[in-house]
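Only this structure's heavy atoms are used, side chains among them; waters, hydrogens and symmetry mates stay out.
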Amino acid sequence: MEQNDIKTFFSTELLGWYRLIKRDLPWRMNRDPYRVWVSEIMLQQTRVDTVIPYYNQFMSRFPTVTALAEAPETEVLKSWEGLGYYSRARNLQAGAREVKERYGGIVPDDKASVAGLKGVGPYTSGAIMSIAFNRPEPAVDGNVMRVLSRYFCLEDDIAKPSTRVGIEKLAVSLIPEGAAGDFNQALMELGALVCTPKSPSCLPCPVMEHCAARLSGRETELPIKTKAKPPRAEFRTAAIVMGSGEQEGKILVRQRPETGLLAQMWELPHLLLPPDKAKLLADTAPKEQGELAEMISRMLESDTSMLIRPRSWFTDADHIFSHIHWKMRFYLADLGEEAGALEAAAASAGKGNALVAAESTAEYAADARAGQAEASSIYRWIGKEDMETLPFPNLFLRILKQFWA
DNA sequence: AAAACGGGGCT
DNA sequence: AGCCCAGTTTT
């Protein structure tokens, strides 16, 4: 059979299959461009099952572009809490504000305008244009690269940006006349339900008979993809500082900087350990680390001008981001009058009031500067009920819940 | 071109 | 416990 017939077969069979079995997802209720837009942003790097509850809550709280544009930023961030990649939420709201101001609150039926919105890249602009407006644009995500790599037996590394560009050209050529939205969703649906990464279910696949990878028995070898580097380890000590007097029953939290990791989210105060101290955390029992407790307490004194007394070890927690592995140790601390046991231990370890040892690495220096630049104005005492208002990343939310359990 | 940027699911 | 998933922005 000729290549063009193989392509036509693919498009026709896939589209027919999708129209029979497509899942009933909340963002498929209608073609409202705003609903499509929100769903596509949430679905970046995130599975359908995870997104569904967030999507429903988000749409009821921010039903229109204007509602989102006019909402307080913290509220938007709070609604994104636990979803990850928080710049998506801030970019989405920035986009909503642009649509409100420049396009009167109507998402424009124009590729360049949509592609110009913050947080909207090649995939998302293609998805919005095709799904909401039925324009023949490619929407190439990981599913699509996997499906097409297998069906056409493409051996390019899908981790390379240039590969996506090539697959986009192929994808456009496959779009059936007048069915761009359904076809693009069909491609992703097949990748999600049938042509899965690990063990694809070829037997029920609507296009198996002309799948080049399957025909040559190579469906599990494709697509080719270079593996990511493992995350680098970072050791951090953190404190749960319990207030007294006015602050009785409250604890000390702070807001992260405007940019970078977990930007603008709230957190328990913590400190990146230089490599030599990190070994201490890794190798020594929590209760014998007066020195580490002492370091975080000195950092807090310098930031807040309050006398912080570490009292006891609370818990250890690991958190793995895509590029960093945080190994954290939490101490309970208060503003007590007398020195705590841990401080005594630190003193006997021979550490006086000297500041934390000079930075050993560029990373540590950068972290220390960022911490200092934001110091003092970003700290705040919160009670249990404030957890419902301030956005915290999951790792800190878990610790807070454990503390207030 | 490579790194930064979360969090959860599967085996 | 280790491996996998992968869009956009920034460097």
With a 6.0 Å cut-off (strictly less than), is the heavy-atom count around CD1 of Ile224(A), excluding the residue itself, greater than 12? yes
If you find the nucleotide of DNA chain B closest to Phe392(A) and the one closest to Ser162(A), which residue's nucleotide is nearer the 5' end? Ser162(A)
Does the plane of the ring in Trp326(A) sit parallel, tilted or perpendicular to the ring in Phe321(A)? Use 30° and 60° as the thresholds. perpendicular
Sub-6.0 Å ring centroid separation between Phe396(A) and Trp266(A): no
Residues which pass salt bridge (Lys or Arg N to Asp or Glu O under 4.0 Å) with Arg31(A), listed by chain and number, not counting sequence neighbours: Asp182(A)
Any salt bridge between Glu219(A) and Arg150(A), counting N to O under 4.0 Å? no
Residue list, salt bridge (Lys or Arg N to Asp or Glu O under 4.0 Å) with Glu70(A), at least two apart or on another chain: Lys100(A)
Taking any atom closer than 4.0 angstrom to a non-hydrogen atom of chain A, what span of DNA chain C does the protein reach, first nucleotide to last? dC4(C) to dT9(C)
Salt bridge present between Glu81(A) and Lys78(A) (N-O < 4.0 angstrom): yes
In terms of heavy-atom contacts, does NZ of Lys111(A) have more than 12 from other residues, nucleotides or ligands at under 6.0 Å? yes
Between side-chain atoms of residues 46-53 of chain A and protein atoms elsewhere (two or more places apart, or another chain), which donor-acceptor pairs fall under 3.5 Å?
from, atom 1, to, atom 2, distance (Å)
Thr46(A), OG1, Met42(A), O, 3.3
Thr46(A), OG1, Gln44(A), O, 2.8
Thr46(A), OG1, Arg88(A), NH1, 3.2

DNA chain C-proximal residues of residues 118-133 of chain A, any heavy atom under 4.0 Å: Lys118(A), Gly119(A), Val120(A), Gly121(A), Pro122(A), Tyr123(A), Thr124(A)
Distance between C1' atoms of dT8(C) and dG9(B) (Å, rounded): 23 Å
Nearest-nucleotide comparison on DNA chain B, the residue closer to the 5′ end among His319(A) and Lys229(A): Lys229(A)
Can you see if the side chain of His323(A) gets near the phosphate of dC5(B) - specifically, an N or O under 4.0 Å from OP1 or OP2? yes
Within residues 72-93 of chain A, the residues having a heavy atom closer than 4.0 Å to DNA chain B are Gly82(A), Leu83(A), Gly84(A), Tyr85(A), Tyr86(A)
Residues which pass ring-ring contact (aromatic ring centres under 6.0 Å, His included) with Phe9(A), listed by chain and number, not counting sequence neighbours: His210(A)
Using a strict heavy-atom distance below 4.0 Å, which residues from residues 188-208 of chain A are in contact with DNA chain C? Pro197(A), Lys198(A)
Mind checking salt bridge (Lys or Arg N to Asp or Glu O under 4.0 Å) for Asp318(A) and listing every partner two or more places apart, or none if nothing turns up? Lys327(A)
How many whole angstroms separate atom CZ of Phe396(A) from atom P of dG6(B)? 12 Å
Stretch residues 143-154 of chain A: residues that reach within less than 4.0 Å of DNA chain C through a heavy atom: Asn143(A), Arg146(A)
So, with a heavy-atom separation below 4.0 Å from DNA chain C, the residues of residues 40-47 of chain A are Gln44(A), Gln45(A), Arg47(A)
Sequence neighbours excluded, the answer for side-chain hydrogen bond (donor to acceptor under 3.5 Å, both in side chains) partners of Arg102(A) is Glu98(A)
